[in-house]
J.: 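Dropping the structure in here first, questions after.
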Amino acid sequence: MLKDLNPPQREAAAYLDGALLVLAGAGSGKTRVITRKIAYLIIEANMQARNIAAVTFTNKAAREMKARVGKLLSAKQSRGLMVSTFHTLGLNILRREISILGYKSGFSILDAQDSMQLLQTISERSQLLDKECLQGLQNQISRWKNALVTPERAQAEAEDKDQHRDAHLYEQYQRQLKAYNAVDFDDLIGLPVFLFQQHPEVLEHWQKKIHYLLVDEYQDTNQCQYQLVRQLVGVRNALTVVGDDDQSIYAWRGAQPENLHLLKQDFPGLKVVKLEQNYRSSKRILKAANTLIRNNPHVFEKALWSDKGLGDQLRVLSTQDEVHEAEQVVSELISHRFQHQNKYQDYAILYRSNHQSRLFERMLRSHKIPYFLSGGTSFFSRSEIKDIMSYLRLVANPDDDNAFLRIINTPRREIGASTLEKLGTYATDRNISLFAACFELGLAERLSERALQRLQHFARWLTDISDRAERSEDPVDLTKEIIRTIDYEVWLQDTCDSVKAAERRMENIWELVEWLGKLTAESTENKKLADLVAYLTLMDILERQEENKAEENNDRVTMMTLHAAKGLEFPHVFLVGMEEEMLPHANTLEDEQMLQEERRLAYVGITRAQRSLTFSFAQQRKRYGEMKNCDPSRFLGELPEEDLHWQGGKQQAADPEARKAKGSANLAHIRGILK
DNA sequence: AGCTACGCATTTTTT
DNA sequence: ATGCGTAGCT
């Protein structure tokens, strides 16, 4: 079973004597180790699949892992195996246990947009309307939740007025969520942790269920996720985590790469296995990656090696400005493809930030080169999908005021703002949901007969659908009935710009219904609408669509951010915009920690390449409408010079001393002018 | 269906 | 400054 693994891989897969940390360098076969280990646990160690859980960060990773385990095991052997994202694992725990925390079954999950909306309503009362502030507040709340800080503690620990205000809003936000019988994405992980803390007997149940836990991309875990891992593992120490501190690029959203090092303290007998053989890149590419990352401090030293050939020199394209950069990169790509008889899909253009894609897109389009652009509006943020999802959420959980407000007048039911305001006041006064308030006798005094009729008509209809969903009537049929009853298609045609747009939106909706059906068929036990809606909320339908579109033209150049490229590989990579203030990004120059993350970002980019790697930078670039001179990135200067081939003139790659000198020269110059 | 005006963002993003 | 998406109008 483990024969075709290399020695460290084999050691990692077979090690069962305690907690294990696998330091898996880029391209070293970490998924292979995890999947083999799962198979090993089942076949060799006689473990039941249903007692093994593997946790990832993205749906995509979970899917890939499932597929690869599926190839190693029979359907019978892998039955009940839990491979999921952290959030889905949390959801599964909450589905069973949330009543202890005072929520009702069928709770809603609010996505980032919904939660922002809620924060907006809450903060309107306290006159905090600034958009940037609001985003900041959402981040702050997320940080608090990730650090397991309750609203009470946030208030107790607040040091200034702003923090007090934020903590207060956090408390209101949390109270409102509870009133909606809703949780947000962070709660999916945070609530299980609180629950386990307060109810050891529940934790014990889950510890008995999960005999072995495997965690992928461990460097991306935040405090809350780490806590959940520790709780589930308990004293059993049956844990394997796989990660790479050099590929930690998500500190800015709460990931704590130090969780890797903390394992050493928390699991005293921790075994560490390093996977350093790389199966992806040429020697020269790996040497560059190793040389660059050596500029970061390390707790665990690690150097990738390969038995592949030396490979071509790494090219550095120096160009006049950003337009020339795009031009030259694209023409290099074209001639390279022609010379080597490659496909477009062998090439990727990687960049630090999204807006950099624009010029490359334009250039590729003008050359009629097909491309794939990663990023864009997600399936779930499309308004038509949000509408229908809100209907489903409301059916599953009529107390979800967030969903209620979204669709009460979509399509038009002639229920206006003033009616809703009165309904809202009435509901708030009595501490009940908007839906529940519709049936209150006292409401008649406040509303006109017509308004009341309309509200109650809607509420009665909702009650009927809701009851039928509760009685497990087929979710797909119910959803179709909803769409039909509300005349959504007609409404789309009325409100959309063009017939085409309406059709497109309707197609999206049928896509959603299709997925609902697939989910119904997939799951063996949870066929209630409420469950399906919860799982649907956590799904990445759009990406699955992309994967399924295999029949369409897949031979395209890939363009994506460095963040999005993690975990992927391409024969030929262009790493563009290699300039100071782009990579490393301008906002990171002052902070050593952030600079190190930028370096890791460059490292991730370099290690995506299998056969060839080309850097490019512009000597001048338009920023905020103004032409600015640019220095080549310091990271270029940190690469082994003998492996670089400069094209278009070699500039001094920025080195710290030169930059400092230049900086103070500028400063002196400015001072001179001022005088 | 197409036009204009306006807002919005120029750091990364998953669930 | 720039370009993109959207809302509202014709």
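Protein chains get the first letters and strands the later ones, always in sequence-line order, with residue 1 at the start of each. Note that the structure is a prediction, hence the values are computed from the model and not measured.
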J.: Please pick, from B:dT15, B:dT11, C:dG3, the nucleotide with the shortest atom-to-atom distance to any side-chain atom of A:M594.
T.: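 Nearest to the side chain of A:M594 among the choices is B:dT11.
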J.: How many whole angstroms separate atom CE of A:M539 from atom P of B:dT14?
T.: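 In whole Å, B:dT14 P and A:M539 CE are 15 Å from each other.
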J.: Quick one: list whatever passes side-chain contact (heavy atoms from CB on, under 4.5 Å) with A:V573, sequence neighbours left out.
T.: A:L350, A:F570, A:R608, A:A609, A:L613
J.: State which of B:dT11, C:dG3, B:dT14 makes the closest approach to the side chain of A:R358.
T.: C:dG3
J.: Check the distance between B:dT10's P and A:M627's CE and give it to me in whole angstrom.
T.: 21 Å
J.: Less than 4.0 Å between a side-chain N and a carboxylate O, is that true for A:R634 and A:E638?
T.: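 Looking at A:E638 and A:R634, the cut-off is not met.
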J.: Thinking salt bridges, do A:K145 and A:D187 make one under a 4.0 Å N-O criterion?
T.: yes
J.: Does atom CZ of A:R504 have more than 12 heavy-atom neighbours, drawn from other residues, nucleotides or ligands, at distances under 6.0 Å?
T.: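 Open: at most 12 neighbouring heavy atoms sit under 6.0 Å from CZ of A:R504.
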J.: Using a cut-off of less than 4.0 Å, is there contact between a side-chain N or O of A:H585 and OP1 or OP2 of B:dT11?
T.: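 Yes, such a contact exists.
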J.: Please measure how far the P atom in B:dT15 lies from the corresponding atom in B:dT11, and state the result in whole Å.
T.: 23 Å
J.: Closest to the A:R362 side chain: B:dT15, B:dT13, C:dG3?
T.: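 Nearest to the side chain of A:R362 among the choices is C:dG3.
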J.: Considering only B:dT14, B:dT12, C:dA1, which nucleotide approaches the side chain of A:K622 most closely?
T.: C:dA1
J.: Side chain of A:Y250, heavy atoms from C-beta onward: which of B:dT13, B:dT11, B:dT15 has the nearest atom to it?
T.: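 Nearest to the side-chain atoms of A:Y250, counting from C-beta on, is B:dT13.
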J.: Is it true that the NZ or CZ of A:R362 lies under 6.0 Å from the centre of A:F360's six-membered ring and within 45 degrees of the ring axis?
T.: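 Judged by the rule, A:R362 and A:F360 form no cation-pi pair.
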J.: Would A:H563 and A:W252 count as a close aromatic pair, with their ring centres under 6.0 Å?
T.: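 Yes, close enough.
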J.: Can you tell me which nucleotide in B:dT12, B:dT15, B:dT14 comes closest to the side chain of A:R253?
T.: B:dT14
J.: Hey, can you pull the donor-acceptor pairs under 3.5 Å for the side chains in residues 85-94 of chain A, sequence neighbours left out?
T.:
from	atom 1	to	atom 2	distance (Å)
A:T85	OG1	A:H87	N	3.4
A:T85	OG1	A:T88	N	3.0
A:T85	OG1	A:T88	OG1	3.0
A:N92	OD1	A:Y535	OH	2.2
A:N92	ND2	A:T88	O	3.3

J.: Taking the cut-offs as 6.0 angstrom to the six-membered ring centre and 45 degrees off its axis, would you call A:R600 and A:Y603 a cation-pi pair?
T.: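 No, A:R600 does not lie over the aromatic ring of A:Y603.
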J.: What is the nucleic acid contact for A:N354, judged by heavy atoms within less than 4.0 Å: base, sugar-phosphate only, or nothing?
T.: sugar-phosphate
J.: At a cut-off of 3.5 Å, list every protein nitrogen or oxygen paired with a nitrogen or oxygen from nucleotides 7-10 of chain C, distance to 0.1 Å.
T.:
none

J.: Does a nitrogen or oxygen in the side chain of A:T561 sit under 4.0 Å from OP1 or OP2 of B:dT13?
T.: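 Indeed, a polar side-chain atom of A:T561 lies that close.
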J.: With heavy atoms under 4.0 Å as the rule, sort A:R623 into base, sugar-phosphate or nothing.
T.: nothing
J.: So what does A:N59 touch, heavy atoms closer than 4.0 Å: a base, only the sugar-phosphate, or nothing?
T.: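 Sugar-phosphate: the residue A:N59, judged by heavy atoms under 4.0 Å, touches backbone atoms but no base.
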J.: Please determine, for the side chain of A:H563, which listed nucleotide (B:dT13, B:dT15, B:dT11) has the closest atom?
T.: B:dT13
J.: Between B:dT12 atom P and A:N139 atom CG, what is the distance in whole Å?
T.: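 My rounded result for the distance is 14 Å.
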J.: What does A:F57 touch in the nucleic acid at a heavy-atom separation under 4.0 angstrom: a base, only the sugar-phosphate, or nothing?
T.: sugar-phosphate
J.: Report the nucleotide, chosen from B:dT11, B:dT13, B:dT15, that has the shortest atom-to-atom distance to any side-chain atom of A:A112.
T.: B:dT15
